[in-house]
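Have a look at the structure below, then the notes.
Model, not experiment: these values are computed from the prediction. First listed ligand is number 1; within each ligand, the first listed atom is number 1.
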Amino acid sequence: MRIKDKKRFIIACGGLAAIVILVIVVLTIGFMNNNKTQTSANNKQNVETTTVQTTTAKETAPVSNSQTVAVEQPVPVETKDDTKNANTTSTDSITMLVNKNHSIAASYVPADLVTVNLPSTRETQMRSVAAEALVKLFNAASSAGYDLSCCSGYRSYETQSELYAWNVDIYGVDGAELVSARPGMSEHQLGLAMDVTSATVGFDLLESFGSTPEGQFLKDNAYKYGFIVRYPQGKTEITGYAYEPWHLRYLGVDVATEIYNSGKTMEEYYGTN
Ligand SMILES: [Zn+2]
């Protein structure tokens with residue numbers, strides 16, 4: 001190679017190297033800029049994501065809460081299915097709960113009272129739906145060979161006041177509380193209760209009625225016609241009353257059957273007292 005060519009070669013190499021360096025520099029700057037943009041974009045994205053997440057969190061919070069409620073809701077609903085809501089406000093309802101803790105107005109008189117057309121120790125009334133069901137129950141008892149007799153159905157607030165006072169005179173307040181409802185706290189005022197007796201107990205209201213064939217028939221069959229023995233044996237602490245095998249309460253066939261099958265009192269069935 002000649003000196004002139006050598007020089008040319010060196011210049012060419014230098015130029016090429018300069019171009020390569022320039023390209024590298026340009027690429028490096030370009031890469032760095034690109035990274036900057038990406039980082040910035042990423043940062044921006046992060047902020048946006050954070051914002052979105054925050055927003056989502058804010059929006060999700062109530063949703064999540066309502067979801068939690070939605071998940072929790074079936075629990076009380078299921079509970080409701082097991083223990084029904086006690087009806088303590090609709091006095092005209094056949095499932096109205098009346099006891100020592102749930103009273104009814106002194107002025108309440110059922111609108112559909114009818115005289116019960118059955119053997120009875122005195123003329124007495126019930127609401128028509130209960131009276132009709134009681135006729136069916138008495139007919140079933142009669143077919144099975146048992147003669148039942150009505151004793152006392154609907155009682156007004158005033159009549160119940162007199163009866164309670166009479167019991168207090170005889171048994172004192174504590175004694176009366178076990179056998180007689182205070183006025184406004186008697187199912188008899190609902191027109192949905194009937195005290196039933198028979199010749200086997202001298203048409204009286206006695207605990208021993210529960211062991212007579214008539215009393216046994218009522219215990220085992222009343223529910224089929226919509227009645228329950230409202231104050232069963234051994235449940236005084238729950239019902240507040242002594243065992244009354246004669247006191248039938250009309251609730252309709254469905255509820256009466258459920259209560260009979262559960263072996264519970266009305267209070268236990270509704271989970272209240
Ligand atoms: Zn009664």
Side-chain angles (χ1 to χ4, degrees), residues 91 94-104 108-110 113-116 118-127 129-131 133-135 137-138 141 148-168 170-171 175-198 200-212 214-215 217-219 221-223 225-236 238-252 255-256 259-260 265-267:
T91 317
I94 58 168
T95 57
M96 175 73 180
L97 177 68
V98 177
N99 61 19
K100 291 179 191 292
N101 298 312
H102 300 284
S103 59
I104 49 179
Y108 178 75
V109 178
L113 288 173
V114 295
T115 298
V116 178
L118 287 168
S120 187
T121 58
R122 74 198 77 174
E123 185 175 302
T124 192
Q125 296 177 305
M126 282 188 105
R127 288 184 58 182
V129 65
L134 194 65
V135 168
L137 172 60
F138 272 45
L148 300 170
S149 181
C150 296
C151 184
S152 182
Y154 167 73
R155 293 200 288 263
S156 69
Y157 183 93
E158 290 71 25
T159 302
Q160 191 65 34
S161 300
E162 291 165 13
L163 192 61
Y164 179 77
W166 183 82
N167 277 293
V168 170
I170 294 177
Y171 304 111
E177 284 291 319
L178 281 174
V179 297
S180 177
R182 287 173 183 250
M185 296 181 177
S186 172
E187 289 191 328
H188 287 277
Q189 194 186 335
L190 288 177
L192 297 171
M194 179 62 77
D195 294 333
V196 176
T197 184
S198 69
T200 48
V201 289
F203 299 103
D204 207 343
L205 301 179
L206 303 172
E207 270 196 22
S208 57
F209 176 66
S211 353
T212 64
E214 290 82 3
F217 178 86
L218 286 183
K219 181 173 173 283
N221 297 281
Y223 76 92
Y225 306 90
F227 294 90
I228 61 164
V229 175
R230 179 70 173 85
Y231 309 115
Q233 200 159 24
K235 298 281 190 176
T236 301
I238 295 159
T239 64
Y241 293 103
Y243 175 41
E244 293 192 359
W246 60 82
H247 179 108
L248 300 183
R249 161 66 195 267
Y250 183 73
L251 284 164
V255 175
I259 290 181
Y260 175 82
T265 61
M266 193 172 169
E267 281 81 8

Exercise. With Thr265, which residues qualify under side chain to side chain contact (heavy atoms under 4.5 Å, CB included), at least two apart?
Worked result: Pro232, Lys235, Ile238, Thr239, Glu267, Glu268
Problem set entry | Asp195 near the Zn ion (ligand 1): N/O/S under 2.8 Å | yes
Exercise. Which atom, counting only N, O or S, brings His188 closest to the Zn ion (ligand 1)?
Worked result: NE2
For this session: Specify which N/O/S atom of His247 comes nearest to the Zn ion (ligand 1), by atom name.
Result: ND1
Problem set entry | Glu187 side chain reached by Met266 side chain, heavy atoms, under 4.5 Å | yes
Exercise. Can you check whether Thr115's main-chain N or O pairs, donor with acceptor, with Glu123's side chain at less than 3.5 Å?
Worked result: no
Exercise. Can you name the side chain to side chain contact (heavy atoms under 4.5 Å, CB included) partners of Asn221, sequence neighbours left out?
Worked result: Phe217, Lys224
